[in-house]
Visitor: 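Structure incoming, see below.
When reading the values below, keep in mind they use all heavy atoms of this one structure, side chains included, and skip hydrogens, waters and symmetry mates. All residue numbers in this chain count up from 1 along the given sequence.
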Amino acid sequence: MNAMMTLVRRELIEHRASWAVNSVFGALFVVAALLAVVGLVRVGGIGDGMTVFDFGQGADAVEISAALKVLFMPMAAVMASVTAFVVFFYLLDALYAERKDRSILFWKSLPVSDLRTVASKYLTGVAAIPLLTILVFLVTAILVWLIGSMTLLWAGTGAGFTSGPGALAHVTGMLAYLLLVQALWFVPLHGWLLLVSAFAKRAVLGWALLPPILVVVAERTLLGSTHFAKWLGHRFSGGFELAFQGDGQGMMINIEGGQAAEVMVPALGEMLTPGRLLAAPSLWVGIALGLALLAGAVWLRRWRDES
């Protein structure tokens with residue numbers, strides 16, 4: 001266990017972009033929040049005739065909690081999407097880079113098996129990087145929450161400070177669930193990326209994308225069908241359709257002396273359907289296929305060192 005933790009820590013140190021990209025987005029969200037506060041102080045209005053004082057004095061704790069959730073959710077969605085791209089390029093480069101710079105000769109001289117090395121890179125992509133994403137989101141959301149709460153305090157209410165923890169826990173739970181769904185549903189994609197990374201001598205992105213594109217074109221040209229393209233589309237989006245449902249829960253914020261603003265807040269218990277995802281045969285077929293591809297990556301790393 002300690003050896004695996006050391007290998008994962010090494011991956012995070014050598015691939016700083018795996019956690020730095022989301023940190024940059026987090027910093028941009030904080031800067032945007034500060035600029036928004038400056039704009040509110042200078043202008044005083046938040047749109048549709050409402051002022052920040054109307055909102056602060058007219059909204060109760062429940063409505064402020066709903067507004068905070070709406071504020072946090074786009075941040076979580078952006079970071080989850082960025083994480084998916086970061087993991088994609090990390091896994092694609094993970095085994096190729098050590099052959100390209102010939103550091104594989106050094107790492108193979110150590111008493112670390114190919115299975116353990118590939119497993120450490122896979123765990124870095126599907127566990128360590130998502131955990132760092134959640135940490136970056138928490139730090140970012142807390143800073144944005146404090147900025148927003150101090151603005152509401154200036155507007156006449158301290159409810160932002162008491163409403164924040166619940167809203168933060170709600171959205172953090174959704175983000176953790178979304179990242180877990182990505183890790184489970186994309187097992188075949190991640191296995192394919194590591195297999196290509198272990199196989200390709202150059203142009204790894206082309207090797208990853210070109211074969212499925214050629215299969216789609218060949219099937220369409222020779223057979224006139226699109227079964228493989230539809231299967232690929234299902235492998236990218238089908239898991240989210242199984243893991244989520246519902247249109248959300250509506251909540252009306254009434255402002256005395258101003259206009260009402262409707263805030264749609266998804267109900268966590270109604271949106272998440274983990275049972276439906278885990279019961280789907282396509283999930284387990286994908287996991288079996290992904291494990292086979294990972295086994296292929298281990299086998300290729302054993303024999304391909306470019307020496």
Visitor: Minimum heavy-atom separation for A167 to S65, with atom names?
Guide: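 That would be CB-O, 3.7 Å.
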Visitor: Can you confirm whether M4 sits close enough to R9 that some side-chain heavy atom of one is under 4.5 Å from a side-chain heavy atom of the other?
Guide: no
Visitor: Do F88 and V24 share a hydrophobic cluster, counting only Ile, Leu, Val, Met, Phe, Trp and Tyr and linking them when any side-chain heavy atoms are less than 4.5 Å apart?
Guide: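 No.
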Visitor: Name all residues meeting the side-chain hydrogen bond (donor to acceptor under 3.5 Å, both in side chains) criterion together with Y90; count only those two or more places apart in sequence or in a different chain, and write none if there are none.
Guide: E11
Visitor: Counting C-beta onward and ignoring hydrogens, is there a side-chain heavy-atom pair between V285 and L289 closer than 4.5 Å?
Guide: no
Visitor: With side chains defined as the heavy atoms from C-beta onward, is the minimum distance between V204 and D93 less than 4.5 Å?
Guide: no
Visitor: So how far is it from L180 CG to Q182 CD, rounded to the nearest 0.5 Å?
Guide: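 One finds 10.0 Å between CG of L180 and CD of Q182.
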Visitor: Will you find, in the side chains of T83 and N22, an N or O donor that is under 3.5 Å from an N or O acceptor?
Guide: yes
Visitor: If you compare all heavy atoms of G286 against all heavy atoms of R235, which two are closest, and at what distance to 0.1 Å?
Guide: CA-NH2, 3.9 Å
Visitor: Just verifying a value: how many Å separate L195 CG and L92 CG, rounded to the nearest 0.5 Å?
Guide: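 It comes to 11.0 Å.
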Visitor: Only one of L132, L12, L7, L91 forms a side chain to side chain contact (heavy atoms under 4.5 Å, CB included) with T124, so which one is it?
Guide: L12
Visitor: Does L131 belong to the same Ile/Leu/Val/Met/Phe/Trp/Tyr cluster as I129, with side-chain heavy atoms less than 4.5 Å apart forming each link?
Guide: no
Visitor: Treat each ILVMFWY residue as a node, draw an edge where side-chain heavy atoms are under 4.5 Å apart, and state whether V139 and L28 are in one component.
Guide: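 No; tracing contacts between hydrophobic side chains, which count when under 4.5 Å, never links both residues.
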Visitor: Closest approach of V70 and P74, non-hydrogen atoms and distance?
Guide: O-CD, 2.9 Å
Visitor: Do you know the tightest heavy-atom contact between A80 and L178?
Guide: CB-CD2, 3.4 Å
Visitor: So does L278 get a backbone contact from the side chain of W284, meaning a donor-acceptor N/O pair under 3.5 Å?
Guide: yes
Visitor: Quick one: do F137 and V171 satisfy side chain to side chain contact (heavy atoms under 4.5 Å, CB included)? Show the steps, please.
Guide: CA-CA 10 Å; F137 169 76; V171 180; 3.6 Å; yes
Visitor: About how many Å separate CZ of F240 and CG of L277, when rounded to the nearest 0.5 Å?
Guide: 9.5 Å
Visitor: To the nearest 0.5 Å, how far apart are CZ in F29 and CZ in F72?
Guide: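 Those atoms lie 12.0 Å apart.
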Visitor: Strictly distance-based, threshold 3.5 Å: is any side-chain N or O of S237 a donor or acceptor partner for the main-chain N or O of H234?
Guide: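 Flag not set: sc S237 to bb H234 has no pair under 3.5 Å.
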Visitor: Identify the two heavy atoms, one from P274 and one from Y177, that lie closest to each other, and give their separation to 0.1 Å.
Guide: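 Smallest interatomic distance, heavy atoms only, reads N-OH, 3.3 Å.
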Visitor: Hey, can you pull the donor-acceptor pairs under 3.5 Å for the side chains in residues 140-150, sequence neighbours left out?
Guide:
| unit_1 | atom_1 | unit_2 | atom_2 | d |
| --- | --- | --- | --- | --- |
| T140 | OG1 | V136 | O | 2.8 |
| W145 | NE1 | S149 | OG | 3.0 |
| W145 | NE1 | G160 | O | 2.7 |
| S149 | OG | W145 | O | 2.8 |
| S149 | OG | G160 | O | 3.2 |

Visitor: Does the R301 side chain pair with the main chain of L95, one donor and one acceptor, at a distance under 3.5 Å?
Guide: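 No, the answer is negative, given that no donor and acceptor are paired below the 3.5 Å cut-off.
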Visitor: Mind checking what makes side-chain contact (heavy atoms from CB on, under 4.5 Å) contact with L115, not counting sequence neighbours?
Guide: S113, V298
Visitor: Would you find a donor on one side and an acceptor on the other, under 3.5 Å apart, between the side chain of R276 and the backbone of E241?
Guide: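 Yes, because the side chain of R276 sits within donor-acceptor range (under 3.5 Å) of the backbone of E241.
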Visitor: Any idea which heavy atoms bring A183 and V126 closest together, and the distance?
Guide: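 In this case the closest contact between A183 and V126 is CB-O, 3.9 Å.
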Visitor: Count I, L, V, M, F, W, Y as connected when their side-chain heavy atoms are under 4.5 Å apart, and connections chain through other members. Are L193 and I213 then in the same cluster?
Guide: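 As far as the 4.5 Å side-chain criterion goes, I213 and L193 are connected within one cluster.
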Visitor: Measuring centre to centre across the rings, with the benzene-like ring taken for any Trp, is W185 within less than 6.0 Å of H190?
Guide: no
Visitor: Is any side-chain heavy atom of Y96 less than 4.5 Å from a side-chain heavy atom of D101?
Guide: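 Sidechains of D101 and Y96: no contact.
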Visitor: What distance do S197 atom OG and E98 atom CD have between them, rounded to the nearest 0.5 Å?
Guide: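 These two atoms lie 7.5 Å from each other.
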Visitor: Per the salt bridge (Lys or Arg N to Asp or Glu O under 4.0 Å) rule, what does the pair list look like for residues 14-27, sequence neighbours excluded?
Guide: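 Sorted result for residues 14-27: R10-E14.
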Visitor: Is the backbone N or O of P111 less than 3.5 Å from a side-chain atom of R116, with the two atoms forming a donor-acceptor pair by type?
Guide: no
Visitor: Under the side-chain hydrogen bond (donor to acceptor under 3.5 Å, both in side chains) definition, can you give me all pairs with a residue in residues 208-222, not counting sequence neighbours?
Guide: E219-S225
Visitor: For M5, does the CE atom have more than 12 heavy-atom neighbours from other residues, nucleotides or ligands under 6.0 Å away?
Guide: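 No, the 6.0 Å shell around CE holds no more than 12 heavy atoms from other groups.
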Visitor: Spell out, as yes or no, whether a donor-acceptor pair under 3.5 Å connects the side chain of T273 to the backbone of L242.
Guide: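 Yes, the answer is positive, given that a donor and an acceptor are paired below the 3.5 Å cut-off.
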Visitor: Please collect all ring-ring contact (aromatic ring centres under 6.0 Å, His included) contacts where either partner lies in residues 205-232, sequence neighbours excluded, each pair once.
Guide: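 Output for this query lists F199-W207, F228-W231.
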Visitor: What's the separation between atom CZ in F89 and atom CG in L205, rounded to the nearest 0.5 Å?
Guide: 5.5 Å
